[in-house]
Structures are given as structure tokens and as C-alpha cells.
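As the structure is a prediction and not an experimental result, all values here were calculated from the model. Count residues from 1 along the sequence. When a ligand or atom number is given, it counts from 1 through the structure's own listing order. In what follows, every heavy atom counts, from backbone to side chain, and hydrogens, waters and symmetry copies are set aside.
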Amino acid sequence: MSVELWEKKLGEEQRERKASGLWRDRRVSGSAQHSFIEIDGEWRTNFSSNDYLGLAGHPAIASAISSGIDQWGVGAGASHLICGHQSLHQELEEELAEFVGAERALLFSNGYMANLALNSVFAKKRDLLLHDRLNHASLIDGARLSSGMFKRFRHGDLKHARKQILTTDFDSLILISDGVFSMDGDIAPIGDLKSLADQYGGLLCIDDAHGFGVLGADGAGSLACEGLAPVGNVLSMGTLSKALGGYGAFIAGDALFIEHLVQYARAYVYTTALPPSTVLGNLAALKVLREQQSSRMDHVSQLIECFKNGSDQIGLTLMKSQTPIQPVLIGDESEAIRVSHELSLKGFFVPAIRTPTVMKGEARLRVTLTASHSVEQVRALLVALAQVVNRKNSSIRTA
Ligand SMILES: *Cc1c(COP(=O)(O)O)cnc(C)c1O
């Protein structure tokens, strides 16, 4: 194929995307993570980061990295099964397992890859991977890699999940859900999902990217909120890139499952271990979590209350969320872009989330609140929202 043919083939697709208002441009940020961000050369108050506890710029974590790097250098050199599994990685895995109350934990390069592994390793040809409809893209991609059958149930709808089970002929069940839904902010009915998995002798896998560090005592995650842990038939995936402010991910569970991942997960076996500097940062972040999680989350909870009450007063349509993810539902994709642009002119960075990340006609502003924000910043955002959101057109769906 000549380049001209590629231009015809890809160019057409790209023009279509641009015409439908779904083209995405990257913004260049010139600042470290804080409540302010320099973006495309302008300073804005940033309400778009997943750095929920404000740890991405934490000085104690940064200095733990810089003091350790002289000893450990910059790269792990190889995969875990060759020579990249350093004592630091081992220590982090043990600490993470203890932190979430699991027998073992296994480090992955990132949450995306951990989810590829989680979905593809345990399901055989006659097994059913049953997902919540709003599960993260990486879980879906993992299901596509798996040889198991892939079905979905309506968001949070246990009746529909059961119906899918009853109408499918399968050997084993693997039930998979986000703990906190990344674009909605609501929490999965984890206790009920566990009962369903128990009833059919299945596994329950929770993607806790937005729950680990945020929910439960000391931030153990969304399972802890229900008095559960990644033990027995329950596995969890946590990321180190959101509330922990760094990079990397882990799967926690019983040794049986973790050892199976070590042996068979291609996203684990065929990739270089995390850089030691990153692991040093993660160890330091866990220490900060132990000491400061509850005080930092107390502050975030206060911001959440402030934002919800304020939104209520000015008539914004929020989603059903108690977490730091507080999306404002707009509906129309181009209207969401307009509102986001006008907020930017007023000094706030709040990106519009559109299809295919969320369903068509459910475009929203994904506001995230973090420990770095002040109450004053949240109040200022509310004032700006009241000025720019056209409330007559804003309510499409609230459930
Ligand atoms: C961010 C995210 C991931 C991916 O994690 P990375 O470490 O960024 O690759 C997986 N699942 C959910 C729900 C996420 O929000």
C-alpha cells in the first residue's frame, strides 16, 4: 500500500471524527502536579487530576526517590523473571499485600497491563467473563484477549447480571467490576457482587484504580468499605498512579492466583520491571498513606460536601457519587466543549468527557477534587459553573 492509499484510508476516518466534534487535542502542561496547572502556557486551577491525596508532588516522596537513586540507579534492567525483580520490588509487594489484607500482591507496570492479565489468565474457553457495562476500557481489552466468553450487565444491575448468568452455558464464572467507576464516580455494589460470585463458585475481580488510597480505613480500598479483602475468591487490582501519586499497579489475592499470574500473565512476564526509583517512590507514598491518609481524606470529604451542596443550590446535575470524582452532567457533546472552554477562560481546567469514553449524549465535565484544593478554590469553581452552565439543557439522565 502506498502512503497515498493510507492517506485515503486513515484520512477519511480522521475527517469523520473531526466533523463529529470528537477529535482530541493534547494539551501541553508545563508544571508539576498541584492545584494549579500551567497548560498550553496559561495557569489554571486544575480540577482534572486523579492525584486525589495530593501526593504526586509530595516533598517526602520526592526526596525518598532522590536519596535512593544513587544506590539503585535508574532502571531495573530486565523483566521480573530474568533479573529485574529487585529487593525493592519484593518489599513493595509484601507491603501492598499487608496493606490491603491479602496473602500476596504482584507488581505490574501499570493498571492497563494488570487488567489485561486479570482478564486473560484465569478464563478458559468455556468460562464466562461477566463485566459491568461501564467497566474501564483496559478491562474490556483484557476480556478481548481472553479465550473466555465475554458478556456485560447493565451498570450496577445485579438482576441483569444474574440473568446473564442464567442464560449462558459456562463452566466457571469470573465477575469483574470497577470498584469506583472512573467517569461516574459511583461505587459498585461490591457486597452483592461477592454474594453472586459465591453463589456460582466464581471469582470476583475489583478494579480499584480510584478506590485504593481513597476509600476504606487508611485507604485500603473499596473492598474494605464492605468489610471485605482480596482473599479467597476475591482479587483486586490497585494502581499506584492515582491516589498514590506515582506510577505502577498491583494485583492482590491468594497465593494460588498470584502464582498463576507469575507463570502465565504475558503482560507480567514479557515486560521490564518498574524502575527502582518508581518503586522507592511507591514505598514512600505507602508510608505517607499510613500516616496521613485519614487527615488528607477528611479535607477531601469536606470539599466533596461543599461541591455537592453548592451544585445543588445552583441547579447543576451531578452524578450519584460520594467520591472525589464529581462529574457535572451536560449531555450534548459540543455543549460540554463550550462549557469547558468558558471555564478555561475563567481560569479553571475541567475537561469535557465525551463518547467513546462515556455513552453518546452523556457528555460531562469530570470534576475531581483533591487534597491540594482549598475550599475557596471549590467555591470559585461553583461561581464559574453557575455563570457558564446552561441549566435548562443540562439534565439528560441522573441515574
Ligand atoms: C486509570 C485506570 C486504569 C489504568 O491504570 P494505569 O496505571 O493508568 O494504566 C485502570 N482502571 C481504571 C478504572 C482506571 O481509572
Side-chain donor-acceptor pairs under 3.5 Å in residues 58-70, sequence neighbours left out?
unit_1	atom_1	unit_2	atom_2	d
H58	ND1	A60	N	3.1
S63	OG	A60	O	3.4
S66	OG	A62	O	3.2
S66	OG	S63	O	3.3
S67	OG	S63	O	3.0
S67	OG	A64	O	3.4

Is there side-chain contact between P327 and I353, with at least one heavy-atom pair below 4.5 Å?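 The answer is no; the side chains never approach within 4.5 Å.
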
Any side-chain heavy atom of L116 within less than 4.5 Å of one from F108?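 Sidechains of F108 and L116: no contact.
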
Please identify which atoms of ligand 1 are closer than 4.0 Å to at least one heavy atom of [X].
X    : answer
S241 : 7 (O), 8 (O)
A209 : 2 (C), 11 (N), 12 (C), 13 (C), 14 (C), 15 (O)
S182 : 15 (O)

Sidechain-backbone polar pair: D218 side chain, A220 backbone, donor-acceptor under 3.5 Å: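 The answer is no, because no donor-acceptor pair under 3.5 Å joins these two groups.
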
Check the pair D186 / H155 against side chain to side chain donor-acceptor pair (under 3.5 Å), numbers first and verdict last. CA-CA 10 Å; D186 58 333; H155 180 48; 2.6 Å; yes

Determine the sole option in E94, E93, E259 for which the side chain to side chain donor-acceptor pair (under 3.5 Å) test with R104 is passed.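 Answer after filtering E94, E93, E259: E259.
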
Nearest protein heavy atom with distance in Å, relative to [atom]:
atom                    : answer
atom 15 (O) of ligand 1 : H210 NE2, 2.5 Å
atom 11 (N) of ligand 1 : D207 OD2, 2.6 Å
atom 7 (O) of ligand 1  : G111 N, 2.7 Å

Taking both backbone and side-chain atoms of Y112, is any N or O found less than 3.5 Å from an N or O belonging to ligand 1?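 N/O-N/O distance below 3.5 Å exists for this pair.
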
Looking at ligand 1, is there an atom of it that comes within less than 4.0 Å of some heavy atom belonging to K242?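 Contact present.
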
Report yes or no: does A249 have a heavy atom closer than 4.0 Å to ligand 1?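 Distance cut 4.0 Å: A249 fails for ligand 1.
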
Under 4.0 Å from ligand 1, counting heavy atoms only, is it the side chain of T239, its backbone, both or neither?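 It is the side chain that touches ligand 1; the backbone stays farther off.
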
Determine whether the side chain, the backbone, both or neither of N115 has a heavy atom under 4.0 Å from any heavy atom of ligand 1.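 Side chain only; the backbone of N115 stays clear of ligand 1.
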
Students often mix this up, so state it plainly: with edges at 30° and 60°, are the rings of F122 and F257 parallel, tilted or perpendicular?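 Plane angle over 60°, so perpendicular.
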
In sequence, state the C-alpha distance, the side-chain angles, and the governing distance for S222 and D208, and then conclude on side chain to side chain donor-acceptor pair (under 3.5 Å). CA-CA 7 Å; S222 56; D208 217 12; 2.7 Å; yes

